[in-house]
Amino acid sequence: MKIKMRDGSTKETTFEEELGRDAFRHTTAHILAQAVKRLYPEAKCAIGPAIPEGFYYDFDFPFRFSEENFPEVEAQMREIVRENLQLRQFTADRKWALEEMKERGEDLKLEILQELREDAEISFYRQGEHLEMCVGPHVAYTSAIRAFKLLSVAGAYWRGDERNKMLTRIYGTSFPSEKMLEEHLNRLEEAKKRDHRKLGKELGLFALFPEGPGFPFFLPKGLILKNLLVDYWRRLHAREGYLEISTPVILNRQLWETSGHWEHYRDKMYTTVIDGADYAVKPMSCPGGMLVYQMEPRSYRDLPLRVSELGLIHRNEKSGTLHGLMRVRSCTQDDAHIFMTPEQIQDEIKGVARLIGEVYSEFGFAYHVELSTRPENSIGSDEDWETATDGLRNALEDLKLPYVVNPGDGAFYGPKIDFHLEDSIGRTWQCGTIQLDFQLPQRFGAEYIGEDGKKHRPIMIHRVVFGSLERFMGILIEHFDGKFPLWLCPVQVKVLPISDKYIGYAREIESIMKKAGLRCETDAKGEKIGYKIRSAQMERIPYMLIVGEKERETRSVSVRKRGEGDLGRMPIERLLEML
């Protein structure tokens, strides 16, 4: 597949490569815009980028555009593909661009242009009569876009600012073949069925209320699931030599200025005033961890010092981005900070990478790794950034972990390794991360006494495994479709008496199960056994124990297993051994 670059050159790539996939879908967004302008000339075009699963384009319509308009828009898009229009790249000065967009009546494009320098050189792509201000890249001809589908309509504030006009955002996706598109659409349908918001409500795991947008409530069964993840996390970290701490949720402005968050992260932080001084609710736990490190003198003999924290953090996310447990304003981050000498960098990074791999394997996730490098708004010297980036890269290569480089996506204080896990229906999620930081220890003046008796600056690793417990739970709910492995199920066993006559025996079985350490309930509702079985199946209960006269007489249970059906009657002792 040939794509046109901003400099006018042509590059060969494939849809499997990110560059090719983005160019393919970005071109589809331009085809969408051209189709909309042909059908509704009065519509105003905004922007239309490629996104991980497809593309979107924002428009200002003078009427209410809805999904009912999709068929005619898609038909016009197919016509543009058949026309096999060439995408021609060229540059122009700001004056020409302003005149052109004014003549076309593109008010939103004009607003972007008016903010550029007078001497700015602007990249354009033309396809037929349609013209886009765009840096590209794009495919060479529209005929390359063989399969596409418009998916949904949403509202979006112009330039993401709630003070601006609400635009209409059209989402879509595209692929080189109808077969690939069909497979993707099937995955989307499966994802709808597995939506953690729907299952969370059905399974009684969590609730979302308008009284607290982005602040989830955990219900009894959801809290069991959350605590099971915490217990598992604590066992692993105790084994790996981490010391667990807990730091305050609110700390003063001076601390956040020292850490750099007040300057670089202020718009995401909740603030308050206490005794006339500014304070902030923590958006991450790192500065509190630094204070703990500095409580006492440290020696090289104390390092590496691994400190973990299940920190309750708050971030001021925009209301339009909130999404169940996946994007919240309050979450529990499974943070940890490792303080070390330069010689310990690679071993510690490898240790964390192995730990993250072990956790993801436990839940059946495949994963891939990205190395994210220095962003534009970074702090620190070129030398520190180079040393930190080389340390991460060398650790990945020593572990023989394949990785791709994600340029400019590091944290403002250091480069990072991001772990993207793949769920059971092929979607990817960024959860675990390892960030190497030379800056925070320097800002806080952290020190240790080296073998030479002199003071040295420790190097710091920031890392999470789950990312946030809330988001990881949302991913798990969808990954397993609510059918968690036995050890993770809020209710592992449900006893189903065939009538009220056998509730006493059912309670006795429940008591035996609980004494054996199993999470068990009895369905004592006055319903027929068929209804009780269906209810337990809807709840994704792993084991159903049906009890009646024969079971009571023989001190046994009739067992049904999730996904397998009837296992027959068996003595209680045998069941316990199996579980």
Side-chain angles (χ1 to χ4, degrees), residues 190 192-209 216-229 231 424 473 476-579:
E190 183 62 27
K192 284 181 186 176
K193 295 175 192 172
R194 293 168 177 249
D195 190 316
H196 75 285
R197 294 167 298 179
K198 170 177 165 286
L199 288 176
K201 184 177 181 180
E202 291 174 1
L203 302 178
L205 301 175
F206 66 93
L208 300 164
F209 295 107
F217 286 61
F218 284 97
L219 306 177
K221 290 178 181 176
L223 197 56
I224 290 171
L225 175 59
K226 188 176 183 181
N227 287 337
L228 287 166
L229 290 171
D231 292 344
S424 59
M473 284 175 66
L476 285 181
I477 291 167
E478 297 189 3
H479 175 60
F480 289 117
D481 189 24
K483 300 168 186 169
F484 303 111
L486 183 64
W487 73 272
L488 204 53
C489 283
V491 179
Q492 297 168 311
V493 182
K494 198 151 198 175
V495 189
L496 313 178
I498 63 172
S499 73
D500 290 353
K501 183 179 176 181
Y502 304 105
I503 289 177
Y505 181 56
R507 295 290 189 197
E508 187 181 343
I509 298 296
E510 179 186 343
S511 178
I512 292 170
M513 295 292 121
K514 287 180 174 177
K515 285 178 182 175
L518 293 160
R519 295 180 291 279
C520 181
E521 291 181 352
T522 295
D523 186 343
K525 293 191 294 289
E527 302 286 353
K528 292 182 178 179
I529 191 64
Y531 178 88
K532 292 181 179 182
I533 290 171
R534 285 192 298 276
S535 294
Q537 288 171 334
M538 291 295 290
E539 293 174 44
R540 276 71 165 174
I541 304 296
Y543 288 90
M544 292 164 263
L545 311 182
I546 301 166
V547 296
E549 187 61 36
K550 287 183 181 178
E551 286 79 17
R552 185 169 65 178
E553 286 178 358
T554 58
R555 300 288 296 169
S556 63
V557 290
S558 291
V559 183
R560 290 182 65 87
K561 185 178 180 182
R562 184 183 64 200
E564 293 185 24
D566 189 7
L567 300 185
R569 192 180 298 122
M570 63 179 69
I572 297 168
E573 293 77 14
R574 183 179 158 202
L575 171 67
L576 286 173
E577 186 180 339
M578 181 177 74
L579 296 180

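Just so you know, residue 1 is the first one in the sequence shown, and it goes up from there. Bear in mind the structure is a predicted one, so any value in this text is a computation, not a measurement.
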Would you say [X] and [Y] make side-chain contact, with heavy atoms under 4.5 Å?
{"X": "Met544", "Y": "Gln537", "value": "yes"}
{"X": "Arg540", "Y": "Asp481", "value": "yes"}
{"X": "Val559", "Y": "Leu545", "value": "yes"}
{"X": "Glu521", "Y": "Ile541", "value": "no"}
{"X": "Phe480", "Y": "Ser424", "value": "no"}

Please round to the nearest 0.5 Å and tell me the distance separating atom CG of Asp523 and atom NZ of Lys532.
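That separation rounds to 5.0 Å.
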
Rounded distance (nearest 0.5 Å) linking atom CZ of Arg560 with atom CD1 of Ile533:
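One finds 5.0 Å between CZ of Arg560 and CD1 of Ile533.
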
Is it true that a side-chain atom of Arg519 and a backbone atom of Cys489 form a donor plus acceptor pair closer than 3.5 Å?
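A pair under 3.5 Å: yes.
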
Is there a donor-acceptor pair under 3.5 Å between the side chain of Arg194 and the backbone N or O of Ile477?
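Pair absent, no side-chain N/O of Arg194 close to backbone of Ile477.
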
Just list the side-chain donor-acceptor pairs under 3.5 Å for residues 502-510, sequence neighbours left out, or say none.
{"from": "Tyr502", "atom 1": "OH", "to": "Glu549", "atom 2": "OE1", "distance (Å)": "3.0"}
{"from": "Tyr505", "atom 1": "OH", "to": "Glu551", "atom 2": "O", "distance (Å)": "3.3"}
{"from": "Tyr505", "atom 1": "OH", "to": "Ser556", "atom 2": "N", "distance (Å)": "3.1"}
{"from": "Tyr505", "atom 1": "OH", "to": "Ser556", "atom 2": "O", "distance (Å)": "2.8"}
{"from": "Arg507", "atom 1": "NH1", "to": "Glu510", "atom 2": "OE1", "distance (Å)": "3.3"}
{"from": "Glu508", "atom 1": "OE1", "to": "Arg555", "atom 2": "NH1", "distance (Å)": "3.4"}
{"from": "Glu508", "atom 1": "OE2", "to": "Arg555", "atom 2": "NH1", "distance (Å)": "2.6"}
{"from": "Glu508", "atom 1": "OE2", "to": "Arg555", "atom 2": "NH2", "distance (Å)": "2.9"}
{"from": "Glu510", "atom 1": "OE1", "to": "Thr522", "atom 2": "OG1", "distance (Å)": "2.6"}
{"from": "Glu510", "atom 1": "OE2", "to": "Lys514", "atom 2": "NZ", "distance (Å)": "2.8"}

Counting only heavy atoms not in Lys525 (residues, nucleotides, ligands), do more than 12 fall under 6.0 Å from its NZ?
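Above 12, so yes.
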
Results of ring pair (Phe, Tyr, Trp, His ring centres under 6.0 Å) for Phe217 - residues two or more places apart only:
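Checked Phe217 against ring pair (Phe, Tyr, Trp, His ring centres under 6.0 Å); matches are Phe209.
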
Glu539/Lys221 salt bridge by N-O under 4.0 Å criterion:
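Yes, this pair counts.
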
N/O donor to acceptor pairs below 3.5 angstrom from side-chain atoms of residues 572-579, sequence neighbours left out:
none

